[in-house]
Amino acid sequence: MNLVEGAYDKTQSGLRTILVAQAKVRLCFALTVIVSDLLLFLATSDGVPGWFLGLTAGYCIYVALPFQLIRIGAHSTPQTLLMATAILDPVMLSIWIALTGEYGSLLAGFYLFTTLGFGFRTGRPLMHLCQLASIAGFSFALAINPYWQQHPAVWTALLIPIIVVPIYAGILIKTLREAREHAEGQSRAKSDLLAKVSHELRTPLTGIVASAELLSVETSDATVARRTKTILTLSDNLLCEINDLLDEAKFDAKTVALSYAPVDLNQQVALLRATFETMAARKGLAFRADMDPAVTDLVEIDTHHLDRILLNLASNAMKFTERGSVRLAVDLLEQTATDYRLRFSVTDTGIGIPESFREKIFEPFSQVDQGISRRYGGTGLGLALSRKIIDLMGGELRFESALGSGSRFWFELTLRRAEAAAAKIEDIPAAIVCGKRILVADDNESNLMLLKELLEVDRHEVTTCTSGMAALEMLTRQTFDLLLLDYNLGDMDGVRVLQTYRFGRLNPVPALFLTADATVRTATRLQAAGCAGILYKPINLVGIRDALARLDLPADTVATPSADGPLPGDYAKPVRPSLTVVPVNPLNESVIDGLKKINARPDFLPQLLAQAQSDISRCCQHLLDALASRDYASIGAAAHALKGVSANVGAMRLVTLANTLMNMSSDEIAPLNDRLAADIRESSRAAGTALAKMIADAGKASIDDAGSLHLD
Ligand code: ADP
């Protein structure tokens with residue numbers, strides 16, 4: 001039986017809200033009773049008896065206890081606590097009435113007050129439980145106190161309503177509940193309609209985006225190109241709004257399903273760090289994202305929804321903090337052989353949340369005041385959605401805040417450890433996908449060269465192209481098993497290429513994106529475009545093999561590694577370049593060592609390095625031209641390209657510089673124009689010199705190798 005069938009919000013947090021409300025009423029009641037009884041005793045000649053002080057102390061402990069239990073927040077207790085208080089409230093009242101006799105008669109009406117309170121807040125089961133406890137408790141008081149025994153008419157007049165009124169209230173509550181369920185059914189139907197409409201809107205919108213993208217590529221007219229760009233930007237915004245509405249509607253209609261898969265939380269936290277570090281630096285805030293080092297295994301979770309929650313909480317913290325710091329943390333609370341209990345929290349030193357807003361904060365479309373949406377933007381949907389998702393995951397979103405000092409939002413989840421999955425990824429070179437027809441689109445030759453070499457290790461048939469349009473053309477002419485698309489292609493955004501290709505196609509082949517932009521925002525955008533996975537630059541064989549293996553391709557394409565091909569263990573794991581540390585060495589040796597292992601052909605490394613040298617110099621020149629002509633709009637794409645080609649050969653100073661540029665707005669670049677240009681020149685020169693030396697050394701080694709062969 002559902003004990004809280006009549007509660008409006010039956011989730012853990014909803015029940016906790018009821019507990020808090022009842023605890024507050026109990027506190028007011030306790031204070032009134034204690035003070036008035038105290039005054040009555042003081043008015044008599046005997047004064048305050050000792051037993052009364054003992055009774056008061058015991059009652060105060062009982063009143064304070066629920067607050068404490070709610071605060072420590074044992075996650076499974078709200079329903080049990082409600083049941084316990086439904087019994088204990090009348091029991092306490094009965095003890096009070098039994099001991100205070102004549103004065104206690106003033107309180108007997110509160111049996112009804114308590115019983116009906118449970119009825120209206122939680123429904124009939126707890127109301128009748130409370131009623132039974134009231135009848136039993138009152139009978140006990142009648143039995144032991146002489147005052148009641150001397151006044152049978154008074155207690156009869158009190159006992160009859162305690163028996164009759166809750167029964168009548170139960171009938172009314174049932175009628176009310178049915179009326180509410182009817183109204184909720186209608187609201188659900190509206191939500192279903194909203195979900196359907198939002199869903200239907202997305203299909204033509206994708207078509208609009210695809211057509212506008214084609215138009216922007218085909219036209220040579222600058223005005224048309226500018227207008228199509230506006231269409232594309234607005235369509236992106238519209239798509240985001242529709243997605244939010246769709247999510248809200250889905251949660252209302254309770255049709256959302258979570259999909260759990262093994263996830264490396266360390267990596268997720270690193271992604272969030274990369275997303276917010278620069279934003280925080282721009283606002284002059286300190287940002288930290290800490291992952292408990294004791295969490296070593298992957299965990300089973302719906303990463304898309306977890307990202308959305310953390311992104312929303314961290315974005316709010318960032319948005320509402322002008323000074324101080326923002327900290328995201330994942331702490332291990334408990335662990336068993338199979339599970340981790342983790343606390344996710346986001347703390348800020350921002351404007352805080354007024355007490356009056358506490359009750360409403362999780363309601364959809366609610367913001368502290370209208371001014372907020374004008375000043376900070378937002379729709380007031382983020383926290384409502386986050387709370388619903390966390391509820392679905394078995395946790396509860398909670399917060400504490402002090403106006404003017406900051407806020408902390410947190411939730412705790414018990415997640416299954418996915419040790420086996422971790423072992424599979426890290427250690428076992430078992431199933432490797434071989435021999436697929438793969439189209440690779442990247443606008444940098446060195447990226448293409450490297451990707452081709454890496455894919456050919458596993459005997460894939462690789463076709464390359466350097467622009468979005470060329471990729472679309474090839475896709476109409478040839479059949480492929482997989483697409484590898486750079487996120488930023490010269491003429492077209494990779495997302496647009498994918499959307500254009502997928503538009504109206506029944507069975508599109510899977511696509512993997514290649515990007516150097518390791519932010520959650522980009523990952524979310526790429527996932528929303530329908531990609532099957534993301535490969536972060538610098539790319540290595542382990543990453544490619546792992547991504548292909550996850551695509552669930554037909555069994556006949558899965559083989560063991562080729563005898564002459566290197567084993568996955570030979571390659572470094574994917575390395576995300578640090579955003580804050582600027583290495584002194586122009587080239588990272590471990591990256592170069594990794595490149596050497598890809599292909600033993602003597603001319604491979606010098607050729608690849610020479611191509612990278614030319615790509616780096618071209619990308620740097622783009623950036624310098626953009627800075628010189630103050631064309632800041634094109635800096636993001638140029639920096640992204642530079643980051644990719646530099647990361648391939650471990651030119652980490654350039655990677656760091658490109659990262660910084662990718663995250664700066666035009667307003668921030670403008671005053672630093674000359675300094676940034678000097679930095680680019682200097683870092684590019686250093687990388688160029690180091691590459692030239694390495695090419696010379698590699699060339700010499702290849703000649704030496706050839707010589708030694710000849711001597712043999
Ligand atoms: P949005 O941010 O889109 O307005 P949310 O549901 O995420 O929607 O947040 C609702 C409201 O809660 C915000 O508009 C703001 O008034 C308040 N709020 C949320 N997080 C914070 C925070 N960290 N500091 C201060 N106020 C906050």
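Here, residue 1 is the first one in the sequence, and each next residue gets the next number. Just the heavy atoms: all of them, side chains too, but no hydrogens, waters or symmetry mates, feed the values below. Remember, it's 1-based here, ligands and their atoms both numbered in the order they're listed.
When only interatomic distances are considered, the shortest N/O to N/O separation between Ile353 and ligand 1 does not fall below 3.5 Å. An N or O contact shorter than 3.5 Å links Gly382 to ligand 1 by distance.
There is no side-chain donor-acceptor pair under 3.5 Å between Glu400 and Ser407.
Here the shortest heavy-atom distance to atom 7 (O) of ligand 1, taken over Asn316, Leu403, Thr349, belongs to Asn316. Ranked by closest heavy atom to atom 15 (C) of ligand 1, the top entry among Phe362, Phe409, Phe399, Phe320 is Phe320.
Thr122 contributes no side-chain N or O that, together with a main-chain N or O of Ala7, makes up a donor-acceptor pair within less than 3.5 Å. With hydrogens and angles disregarded, a donor-acceptor distance shorter than 3.5 Å links the side chain of Lys283 to the backbone of Met318. For Asp348 (side chain) and Val326 (main-chain N/O), no donor-acceptor pair under 3.5 Å exists by modelled atom type.
Looking at heavy atoms from C-beta onward, Phe411 lies in side-chain contact with Ile309 at the 4.5 angstrom threshold. By the 4.5 Å heavy-atom criterion applied to side chains, Gln79 and Leu3 are counted as neighbours. The shortest side-chain heavy-atom distance between Gln268 and Asp307 falls under the 4.5 Å cut-off.
Only the side chain of Asn312 comes within 4.0 Å of ligand 1, counting heavy atoms alone; its backbone N, CA, C and O stay farther away. If you look at Thr321 next to ligand 1, there are no close heavy atoms at all, none under 4.0 Å.
For ligand 1 and Phe357, the ligand atoms under 4.0 Å from any heavy atom of the residue are 12 (O). Residue Ile361 has at least one heavy-atom neighbour below 4.0 Å for each of these atoms of ligand 1: 12 (O). Listed by number with element, the atoms of ligand 1 under 4.0 Å from a non-hydrogen atom of Leu383 are 5 (P), 6 (O), 7 (O), 9 (O), 12 (O), 19 (C). Atoms of ligand 1 found under 4.0 Å from any heavy atom of Ser407 (numbered from 1 in listed order, with element): 24 (N). Distances below 4.0 Å separate heavy atoms of Gly352 from the following atoms of ligand 1: 25 (C).
Residue-ligand proximity: Gly350 is placed with every non-hydrogen atom at 4.0 Å or more from ligand 1.
Using the six-membered ring where Trp is involved, Phe399 and Phe409 have ring planes that are parallel, under 30° apart on the 30 and 60° scheme.
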